[in-house]
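Here the structure comes first, spelled out in structure tokens, and everything after it is commentary.
FYI, side chains are in, hydrogens and waters are out, and symmetry mates aren't considered; it's all heavy atoms of this structure. The structure presented is a predicted model; accordingly, all values stated were derived computationally and were not measured.
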Amino acid sequence: MKDKKLSAPRPSASVLLVSPENQVLLLHRVQTSSAFPSAHVFPGGNLSDFHDGEVPGPDDIKRHEDSLPYRLGAIRETFEESGILLAREGSINGKPLNIPNAERDKARKAIYQNEVGFVEWLQSVGGVADTENLLPFTRWVTPLGQPRRFTTQMYLYLLPLSTGDDPAIAAARSEAMIPTPDGGVEITAARFDVASAWLEKQCKGEIVLFPPQCFLLHLLSQFLVGPPSGSPSPSELTEYYCSQREKLRVFLTTVPTTSDPKAAKHPTAQIPWGEKVISPTMLGIRQSDKRPILGLDKPGPELKGSDRGGDWERVVLVKFAKGTAKDVEVRSRDEILAEERQIEGTAKETKL
């Protein structure tokens with residue numbers, strides 16, 4: 001029982017933050033980071049009882065469900081790491097809360113050092129966390145066998161198409177070196193870019209993306225496709241970005257989550273993206289390049305036997321070396337397994 005508790009996944013939350021131009025924010029972690037070293041990641045981190053409230057214990061399956069502590073943790077960590085504050089003036093229906101730079105940085109440091117509670121600070125400046133506009137977008141549970149395990153609730157947050165003069169958002173648009181409350185121990189820079197551009201950089205070896213980030217960017221790249229061609233008017237530009245967002249919102253709630261007839265028969269196809277739980281499992285080693293093939297349909301040991309699950313339709317190929325990931329690729333499960341069967345068949349014929 002003691003070992004089981006030691007290996008229990010720690011609650012954490014992360015935000016896929018989408019800019020007014022429908023670009024996605026990634027933070028660059030330092031090489032010595034305690035998690036995802038050298039990688040580009042979504043803002044987020046561990047929940048805090050002090051700031052966010054308590055979640056159910058390790059033996060309660062509700063620990064792995066979306067709840068207010070996860071939402072507060074996601075917004076707090078985004079603020080601490082990037083300076084972008086997902087909050088409203090007065091109430092959830094108020095306009096976005098904008099804080100002067102000096103006051104913002106002072107608050108980030110005080111919250112990081114637990115000198116003041118996040119919700120308490122927000123109330124002191126007349127704000128409330130914008131928890132209502134966080135859209136759940138999968139949960140990831142670290143498989144057994146890893147030294148550190150997490151149960152991470154992912155959220156999507158669409159920044160308003162007009163953000164005024166928010167300095168943190170402006171800085172991230174130009175890959176600013178953002179001062180962080182930990183003095184740059186974990187994060188060095190933040191930047192918004194098109195989802196497909198992040199994936200292309202990973203393919204070229206210019207950045208490191210771990211499977212969860214690569215997988216979710218792959219899904220977003222189907223909808224958030226970058227700026228339009230030509231010189232559209234402001235109203236046409238707004239309509240263009242709104243259309244992308246609406247298609248993405250529909251995708252998050254539609255079931256079955258696949259158009260493939262075979263994949264649609266799997267129970268996970270009836271779980272909307274906002275409720276999917278993914279704990280990668282090894283399906284085998286790809287014979288052509290020796291990359292592990294990770295299945296994404298299982299929810300992890302804590303949820304075994306429940307009705308939770310992930311995505312059966314796709315797999316992730318990846319090489320792990322020295323604590324980092326490279327050559328990450330999202331592919332169709334059927335395509336990859338068909339390739340493997342063909343290689344095995346060819347090998348048998350050659351021996352004959």
Side-chain angles (χ1 to χ4, degrees), residues 14-28 40-43 74-75 78-79 82-89 92-99 101 130 132-138 154-178 189-204 206-207 209 213-254 257 259 272-274 330:
S14 193
V15 180
L16 284 74
L17 192 62
V18 177
S19 77
E21 298 80 23
N22 287 355
Q23 297 181 337
V24 184
L25 180 71
L26 289 186
L27 310 180
H28 187 194
H40 278 70
V41 299
F42 308 124
I75 292 175
T78 297
F79 180 55
S82 72
I84 298 175
L85 181 59
L86 308 180
R88 300 275 172 172
E89 292 183 3
I92 196 64
N93 297 317
K95 64 182 181 180
L97 181 66
N98 200 344
I99 302 293
N101 255 352
D130 193 10
E132 293 296 317
N133 283 311
L134 288 172
L135 306 174
F137 187 29
T138 70
M154 298 286 192
Y155 296 100
L156 189 68
Y157 188 97
L158 305 173
L159 286 167
L161 293 178
S162 175
T163 56
D165 300 318
D166 190 307
I169 294 174
R173 281 172 167 150
S174 58
E175 193 167 23
M177 303 296 288
I178 294 182
R191 181 176 180 172
F192 283 106
D193 208 341
V194 179
S196 61
W198 286 125
L199 294 172
E200 185 177 349
K201 289 175 183 177
Q202 190 273 150
C203 287
K204 293 180 178 178
E206 296 174 2
I207 66 171
L209 292 176
Q213 288 77 19
C214 191
F215 180 77
L216 295 177
L217 285 170
H218 171 82
L219 295 180
L220 290 185
S221 69
Q222 302 172 73
F223 306 97
L224 309 182
V225 297
S229 57
S231 302
S233 67
S235 61
E236 289 173 334
L237 200 57
T238 297
E239 183 179 351
Y240 174 81
Y241 288 130
C242 280
S243 175
Q244 292 184 3
R245 292 180 171 205
E246 184 55 34
K247 290 176 183 176
L248 177 57
R249 287 178 180 273
V250 171
F251 169 78
L252 292 178
T253 58
T254 298
T257 55
S259 58
W273 285 103
V330 180

(Q) Minimum heavy-atom separation for P136 and L134, please, with both atom names. (A) CD-O, 3.5 Å
Q) To the nearest 0.5 Å, how far apart are CD in Q23 and CG in D193? A) 5.5 Å
**Q.** Test item: S14 side-chain N/O and M154 main-chain N/O as donor-acceptor pair under 3.5 Å
**A.** no
**Q.** Residue pair L86 / I75: nearest heavy atoms and the distance that separates them
**A.** O-CG2, 3.5 Å
Q) Do L224 and L248 touch side chain to side chain, with heavy atoms closer than 4.5 Å? A) yes
Q.
Quick one, C242 with L161, criterion side-chain contact (heavy atoms from CB on, under 4.5 Å). Give me CA distance, side-chain angles, the key distance, then yes/no.
A. CA-CA 8 Å; C242 280; L161 293 178; 3.3 Å; yes
**Q.** Nearest atoms (heavy-atom pairs only) where L17 meets F192
**A.** O-CE2, 3.5 Å
Q) Any side-chain heavy atom of L27 sitting closer than 4.5 Å to one from F42? A) no
Q. Quick one: are T254 and P272 in side-chain contact, heavy atoms under 4.5 Å?
A. no
Q: Start with the C-alpha gap between V18 and Y157, add the side-chain angles, then the distance that decides, and say whether side-chain contact (heavy atoms from CB on, under 4.5 Å) holds.
A: CA-CA 6 Å; V18 177; Y157 188 97; over 6 Å; no
Q.
Any non-hydrogen side-chain atom of L156 less than 4.5 Å from a side-chain atom of L252?
A. yes
Q: List the steps, then state whether side-chain contact (heavy atoms from CB on, under 4.5 Å) holds for V194 with V225.
A: CA-CA 7 Å; V194 179; V225 297; over 6 Å; no
Q: State, to 0.1 Å, how close L217 and A195 come at their nearest heavy-atom pair, and which atoms those are.
A: O-CB, 3.8 Å
Q. Within the distance-only criterion (no hydrogens, no angle test), does the side chain of T78 pair as donor or acceptor with the backbone N or O of A74 below 3.5 angstrom?
A. yes
**Q.** Exam field: side chain E236 to backbone S233, donor-acceptor pair closer than 3.5 Å
**A.** yes
Q) Taking everything shown except Q222 itself, do over 12 heavy atoms lie less than 6.0 Å from its CD? A) yes
Q. Taking the six-membered ring where the residue is Trp, are the ring centres of F251 and F223 under 6.0 Å apart?
A. yes
Q: Calculate, to the nearest 0.5 Å, the distance between atoms CG and CD belonging to L237 and E239 respectively.
A: 10.5 Å
Q | Pairwise side-chain contact, C214 with L199, heavy-atom cut-off 4.5 Å (strictly under) | A | yes
(Q) For the OG atom of S19 and the OH atom of Y241, what is their distance to the nearest 0.5 Å? (A) 7.5 Å
Q | Nearest heavy atoms of G226 and Y240, plus distance in Å | A | O-OH, 2.7 Å
Q. When you look at L26 and L209, which way does the side-chain contact (heavy atoms from CB on, under 4.5 Å) test go after all the steps?
A. CA-CA 10 Å; L26 289 186; L209 292 176; 3.9 Å; yes
Q) Quick one: are K201 and I207 in side-chain contact, heavy atoms under 4.5 Å? A) yes
Q: Compare all side-chain heavy atoms of L135 with those of R249 and state whether any distance is below 4.5 angstrom.
A: yes
Q) Testing H40, H28, H218 for ring pair (Phe, Tyr, Trp, His ring centres under 6.0 Å) with W198, which one passes? A) H40
**Q.** Contact check, side chains of I84 and L25, non-hydrogen atoms, under 4.5 Å
**A.** yes
Q. How far does CD1 of I92 sit from CG of N133, to the nearest 0.5 angstrom?
A. 6.0 Å
Q) Shortest non-hydrogen contact from N22 to R245? A) OD1-NE, 2.7 Å
